[in-house]
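Beneath this line is the structure, given in structure tokens, with notes to follow.
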2 protein chains.
Amino acid sequence: MATVSIKEVALRARVSVGTVSNVLNGRSTVAAATRRRVLDAIAELGYIRNDSARQLRAGRSRTVAMVALDLSNPFFTDVMHGAEIAAEHGGVNVMIFNSGEDPVRERRHLDMLSQQRVLGVLITPVNEAHDANLDQLVEHGIPVVLVDRGSSNFHRCSVAVDDVLGGHLAGEHLRQQGHHRIAFAGGPFSLRQVADRHAGLTAALGDGPQPRLVTTSNLSVAAGRGAGREITDLPVDERPTAVFCANDLIALGVLQEMTTRGVRVPHDVAIVGYDDIEFAAAAAVPLSSVRQPREQLGRAATQLLLEEVNEPATHQHRHVVFRPELVVRESSSPSTPAKRSRRE
Amino acid sequence: MATVSIKEVALRARVSVGTVSNVLNGRSTVAAATRRRVLDAIAELGYIRNDSARQLRAGRSRTVAMVALDLSNPFFTDVMHGAEIAAEHGGVNVMIFNSGEDPVRERRHLDMLSQQRVLGVLITPVNEAHDANLDQLVEHGIPVVLVDRGSSNFHRCSVAVDDVLGGHLAGEHLRQQGHHRIAFAGGPFSLRQVADRHAGLTAALGDGPQPRLVTTSNLSVAAGRGAGREITDLPVDERPTAVFCANDLIALGVLQEMTTRGVRVPHDVAIVGYDDIEFAAAAAVPLSSVRQPREQLGRAATQLLLEEVNEPATHQHRHVVFRPELVVRESSSPSTPAKRSRRE
DNA sequence: GGGGGTAGTTGACACGTTTCATTTCGGGCG
DNA sequence: CGCCCGAAATGAAACGTGTCAACTACCCCC
């Protein structure tokens, strides 16, 4: 109960505190018999190292933090998994924080992390532009890596995925499937992701007919339902035969609305989503989707961070951009393997 | 860059370190002019408190930790939200950790947390029974609250939801809808949750025909697809007209398989899930589901923890059990509002 | 037998706080 | 004029660890 310190271990093992410390850190030479005595004493007393004291002495912690934008979003939990794996590999711990898109909360977390003298921070900031908070961290010697945020900033590394390319892949696929009337569902366009994905789509369609815009106020399933309604309400000869959605939530909403209204997917309307969250494949009609290498994103970010931590002198900031990948499923491809195998 | 301490602040403000500390903590009486000088010095030097030192002095941290079983599962992110809100309210920070159902990782996190002298721990342990790790924490004066785990243990509080009642609600509902041939899909039964939900279902069916068991090896969408296949493969006159699934992932898998095979939901087969995750309502056919008060679970757990932290003397361990709630949607109810409004 | 080397151990100091008993100072009161 | 009091500020101690120069004891070798 009463907290036992290294001193009492030393007393019990009849050695000096220095020796106990040496045993704990495997540092200098300690005789086998002494080591044994110390270890026994530790076990008997139930001694637990005091991390505050170690940290105070060392000047820095042995932990990195990840501040996620919204942990309810599977995207970030996957990034987190990647980060955890890389951190484990690098011998450091990861603490997870959730800003929940709240700048105040984010600020509070960051303040706390500076005070903790954390090794480094992975973060998807609430405000893409305004990053005075982050500069402050960097000034105090805490490396920061941006996740899923392009950075024009040379003071830090970043990892992101090429959203224009993602939109392009979706567009190409739909064109190849013979679609001409294509809609883009998503918004607001102030989100870089949305704008980029849309830009990729229009680029892929080249000089053909441009996509119809169905703008939503956010990227939720509810917003997707609204978009789906808007689309199905169109006269059939104007109605798009394919919808590319800015993310999978929108896509699920569109799918739900279509199903409710008896519009068949993919027969009447094809759907392609974005993110390839777990529930995309799990939808009643499995969703085609543009997959981001989420785990890899987390791994890469952590590796960059650790590199900067371990070799601050030689480290060069880098901006890594990953390529997304289109996963075709039934929602945009009438003859998908699943269906075929069923025919026999 | 060079880390600035309270000493340099004192120097600059021409006061003693004690005075700076007093200003920082609003402790004893400090003359307005002096306070001003100190605050200015802090701002000019960009001083940041060293939390390790504070903690070392104070003997304990100002943070609680939540160790989640699987953050990819929306259930836990919702619990987390509740915990964050309650913690914010109580003036402490929450650090999130993810064991990912890996006992080794869990153990590592717990060890780290003891070393950090964390205020307390909310945890859904990997192994429901074997909790030596947790006892160790408690022995060292770190309160532990179990989340979503019943506890026969009197050394700690717990919060959980009544799964038997949940199963009962589902069963009652399906019986009222006129179903007689009902299946239960889920597994393994070694999970208390699964066993309890099944027990509730059978109890609700009373002396009527007992549910057909479709056992799965885990609670994933893929497992649900398997269950769906097994059910649709039955001859029509034996086939259940309703399926109660041990969780929503199973339910989504069943729904997907039914859709693929042309079995109409709810017309041919009704489905009720469990958990009411966000994607249950977002499914092509919105899923009926038993909802757990997830946020409330997190809030209650945190409140119990803080109570124990703040009044260790008078604190009595409690085991709070919440009541789940059935949310009826289209998948088990042919005439749901959404459909009706469409008719006009 | 003495010098020197080495493996093993020690003890004091520093890290940045908070705390608290003590000191300083100015002014009011007898 | 001397005394005392309270407000304000001080300085040293303590928290638990890691580090490192210094010390001890022992053995080897010439």
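Residue numbers start from 1 in every chain, and the chains themselves are labelled A, B, ... in the order their sequence lines are given, proteins ahead of strands. Given the structure is predicted, the values throughout are model-derived calculations rather than measurements.
- For the pair V145(B) and V121(B), the minimum side-chain heavy-atom distance is 4.5 Å or more.
- Residue R54(A) places at least one side-chain N or O closer than 4.0 Å to OP1 or OP2 of dG18(D).
- Comparing dT9(C), dA8(D), dG16(D) by their closest approach to the side chain of T34(A) singles out dT9(C).
- The CD1-P distance, from I6(B) to dA14(C), rounds to 18 Å in whole Å.
- Rounded to an integer number of Å, the gap from CZ of R117(A) to P of dT17(C) is 7 Å.
- In this model, the phosphate group of dT17(C) is not approached by any side-chain N or O of N50(B) to a distance below 4.0 Å at OP1 or OP2.
- Straight-line distance from the CZ atom of R36(B) to the P atom of dA8(D): 17 Å, rounded to whole Å.
- Classification of E88(B) and R108(A) as a salt-bridged pair holds, one side-chain N sitting under 4.0 Å from a carboxylate O.
- Between the CZ atom of R35(B) and the P atom of dA8(D) there is a distance of 10 Å, rounded to whole Å.
- Rounded to an integer number of Å, the gap from CG of L24(A) to C1' of dT19(D) is 14 Å.
- Rounded to whole angstrom, the span from the CD1 atom of I48(B) across to the P atom of dT17(C) amounts to 11 Å.
- How far CZ of R117(A) is from OG1 of T63(A): 14.0 Å, rounded to the nearest 0.5 Å.
- Side-chain contact check for S99(B) and E106(B): no donor-acceptor pair (N or O, by modelled atom type) lies under 3.5 Å.
- Distance, N22(B) CG to dT19(C) P: 9 Å, rounded to whole Å.
- Contacts between residues 8-17 of chain B and DNA chain C, counted as heavy-atom distances below 4.0 Å, involve no residue at all.
- Using a 4.0 Å heavy-atom distance criterion, S21(A) is classed as a base contact.
- Listed pair T29(A) / dT6(C) fails the phosphate criterion, with no side-chain N or O lying under 4.0 Å from OP1 or OP2.
- The phosphate of dT10(C) has OP1 or OP2 within less than 4.0 Å of a side-chain N or O from T19(A).
- Counting any heavy atom pair closer than 4.0 Å across all strands shown, D51(B) reaches no nucleic acid atom.
- Annotation for H89(B): atom NE2 does not count as buried by contact number, only 12 or fewer foreign heavy atoms lying within 6.0 Å.
- Shown here is R14(A), whose CZ atom has no more than 12 heavy atoms of other residues, nucleotides or ligands within 6.0 Å.
- Between V30(B) and L56(B), it is V30(B) whose nearest contact on DNA chain D lies nearer the 5' terminus.
- In this structure, S52(A) reaches neither bases nor backbone, as no heavy-atom distance under 4.0 Å exists between it and the strands shown.
- No side-chain N or O of N50(A) forms a donor-acceptor pair with one of Q116(B) less than 3.5 Å apart.
- Each of A53(B) and A31(B) lies near DNA chain D, and the nucleotide nearest A31(B) is the one positioned closer to the 5' end.
- With dC15(D), dT10(D), dA8(D) as the choices, the nucleotide that has an atom nearest any side-chain atom of K7(A) turns out to be dC15(D).
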